[in-house]
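What follows is one structure encoded as structure tokens, with my remarks underneath.
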Amino acid sequence: MTDISHIGRADPLFPADLWHLVDPPKELFFRGQFHLLQDKHPLVGIVGTRRADPTGRRLSRRVGELLAQAGCTVVSGLALGIDAEAHHGALKAGGHTVAVLGSGLADRTITPQQHLGLAQQIAAHGGLLLSEYPPTYPAGKYTYPARNRIIAALVSHLIVIQAPVGSGALITVDHALQLGKSVAAFPGPSLNAAWAGTNQLLQQGAEVLCEPEDALQWLGLTGQQALPLAKNPEGHGIIELLLQEALSTEELVQKSGKSVAQILHELSSLELAGQVWRVAGKWTARVQKS
């Protein structure tokens, strides 16, 4: 368990968004890239039922993939069904994902155990596992609702995909709304109880998403994010800037003259190509030898 670290409330790196909770975690345990919580990449939550049908699963995976491709960090809870598919989608895109657990982060404690491999994959591929519980703390009846408040606090936007009435995903929605976060949902068949909670959210005023691409439109990531690198001539090149010094995402935006959306898109592509990597919140270019 040497790869598990922790951070307390008094640490300056403790996520500021968690202070908006009535009961912020006393400490956070993590495996992987904690800086994902400080980067300028949008943190977008995807939640839903554990008993997802094939439509919900496909939708969640595709939305997770699209968001990661657009430079967002996908946040979910590692649960069966919708959560797992969202994480898989982000990993498929080569992007970043954060899993907030309702258990400790020791391999033998991670819940559900059938997602141990997924958890290890997230931590090993630039993602983050996060929990307020010590490494060997078991999941219980009250740890999941508590986990949901952390998801709600960390994200800027929350997407609900297939949730019945009474679903734990709706607890996350309640927390998100109390914190002033934007919530969107996908509609489902009116006579299907597995989608009843989602449809209810839409009746109550949540943003309607009909196609996976609608999530990008809702977040304002269409157009700019779709530009390939070769068609982004404005400003200075990212590689040129990073060959001079390591820079944060915010510093790249300032120095390049490009939008946040463009910078996130280019960084994502360059990272996938192995041309840049990130250490301690700063981006660095790999020097190519001739």
Side-chain angles (χ1 to χ4, degrees), residues 15 17 32-48 59-78 82-100 118 121-123 125-130 150-161 169 172-173 176 179 181-186 206-207 209 211-229 232 238 248-250 252-253 258-272 276-278 281 283:
D17 288 331
Q33 305 301 315
F34 191 80
H35 65 77
L36 290 176
L37 303 183
Q38 279 94 35
D39 282 349
K40 296 301 180 181
H41 295 69
L43 294 169
V44 182
I46 300 178
V47 296
L59 190 55
S60 183
R61 184 174 291 229
R62 180 57 178 157
V63 173
E65 181 181 7
L66 286 173
L67 290 176
Q69 287 174 344
C72 298
T73 296
V74 175
V75 182
S76 198
L78 200 77
I82 297 301
D83 288 17
E85 296 299 331
H87 294 308
H88 279 300
L91 291 171
K92 179 182 177 183
H96 301 299
T97 186
V98 174
V100 185
L118 174 58
Q121 189 179 3
I122 290 171
H125 289 83
L128 173 69
L129 304 178
L130 189 70
I150 295 178
I151 294 176
L154 291 177
V155 303
S156 60
H157 294 72
L158 183 67
I159 297 173
V160 187
I161 302 175
T172 312
V173 170
L179 293 168
K181 307 300 178 73
S182 299
V183 177
F186 285 87
E207 184 75 18
L209 305 178
E211 300 291 338
E213 292 75 13
D214 291 346
L216 300 182
Q217 179 92 25
W218 179 52
L219 292 165
L221 296 176
T222 55
Q224 291 176 313
Q225 290 292 80
L227 291 173
L229 298 182
N232 276 329
I238 287 178
S248 67
T249 304
E250 184 176 13
L252 279 169
V253 171
K258 298 181 181 182
S259 69
V260 175
Q262 287 173 306
I263 289 295
L264 292 179
H265 174 71
E266 293 189 23
L267 284 172
S268 179
S269 298
L270 290 169
E271 187 177 25
L272 286 173
V276 301
W277 80 100
R278 185 169 42 188
W283 292 94

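For this chain, numbers begin at 1 and follow the sequence in order. Worth knowing before you read on, the calculation uses all heavy atoms, side chains too, and leaves out hydrogens, waters and symmetry mates. Here the structure is a predicted model, which is why all the values come from computation and not from measurement.
- Going from atom CG of L129 over to atom CD of Q33 covers 11.0 Å, rounded to the nearest 0.5 Å.
- Side-chain contact check for E65 versus E85: every heavy-atom pair is 4.5 Å or farther apart.
- Taking every heavy atom of both residues into account, A169 and V47 meet most closely at CB-CG2, 3.9 Å.
- In this structure, the side chain of H41 does not engage the main chain of L36 through any donor-acceptor pair within 3.5 Å.
- From R62, atom CZ reaches atom NZ of K92 across 7.0 Å, with rounding to the nearest 0.5 Å.
- Side-chain contact check for V155 versus V44: every heavy-atom pair is 4.5 Å or farther apart.
- Under the 3.5 Å distance criterion, with hydrogens and angles disregarded, a donor-acceptor pair is assigned to the side chains of T97 and H87.
- The closest side-chain heavy-atom distance from L221 to C72 is below 4.5 Å.
- Within a 6.0 Å radius of CD in Q217, other residues, nucleotides and ligands contribute 12 heavy atoms or fewer.
- Here H96 contributes atom NE2 and I122 contributes atom CD1; the two are 13.0 Å apart, rounded to the nearest 0.5 Å.
- Interatomic distance, CG of L219 versus OG of S156, reported as 7.0 Å (0.5 Å rounding).
- Across all their heavy atoms, A93 and Q69 have their closest contact at CB-CG, 3.6 Å.
- Inter-residue side-chain proximity for L118 and L91 is flagged as met; some heavy-atom pair is nearer than 4.5 Å.
- Looking at L130 and L37, their side chains come closer than 4.5 Å, going by heavy atoms from C-beta outward.
- The CG atom of D17 sits 12.0 Å away from atom CD1 of I150, with the distance rounded to the nearest 0.5 Å.
- Across all their heavy atoms, F186 and L209 have their closest contact at CD2-O, 2.8 Å.
- Residue S60 comes nearest to I161 through the heavy atom pair CA-CD1, 3.5 Å, listed as atom of the first residue, atom of the second, then distance.
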For this session: Report the C-alpha distance between L78 and D83 in whole Å, list the side-chain angles of each, state the deciding distance to 0.1 Å, and finish with yes or no for side-chain contact (heavy atoms from CB on, under 4.5 Å).
Result: CA-CA 5 Å; L78 200 77; D83 288 17; 5.8 Å; no
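- By the 4.5 Å heavy-atom criterion applied to side chains, I151 and S76 are not counted as neighbours.
- Distance check, rounded to the nearest 0.5 Å: CG of L59 to CD of E211 gives 8.5 Å.
- Closest heavy-atom contact between G95 and A68: CA-CB, 3.9 Å.
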For this session: Evaluate side-chain contact (heavy atoms from CB on, under 4.5 Å) for T73 paired with L43, printing each intermediate quantity in order.
Result: CA-CA 5 Å; T73 296; L43 294 169; 3.5 Å; yes
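- The two residues P42 and G71 come nearest to each other via the heavy atoms CD-O, 3.9 Å.
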Exercise. Taking it one step at a time, do W218 and I159 satisfy side-chain contact (heavy atoms from CB on, under 4.5 Å)?
Worked result: CA-CA 10 Å; W218 179 52; I159 297 173; 3.6 Å; yes
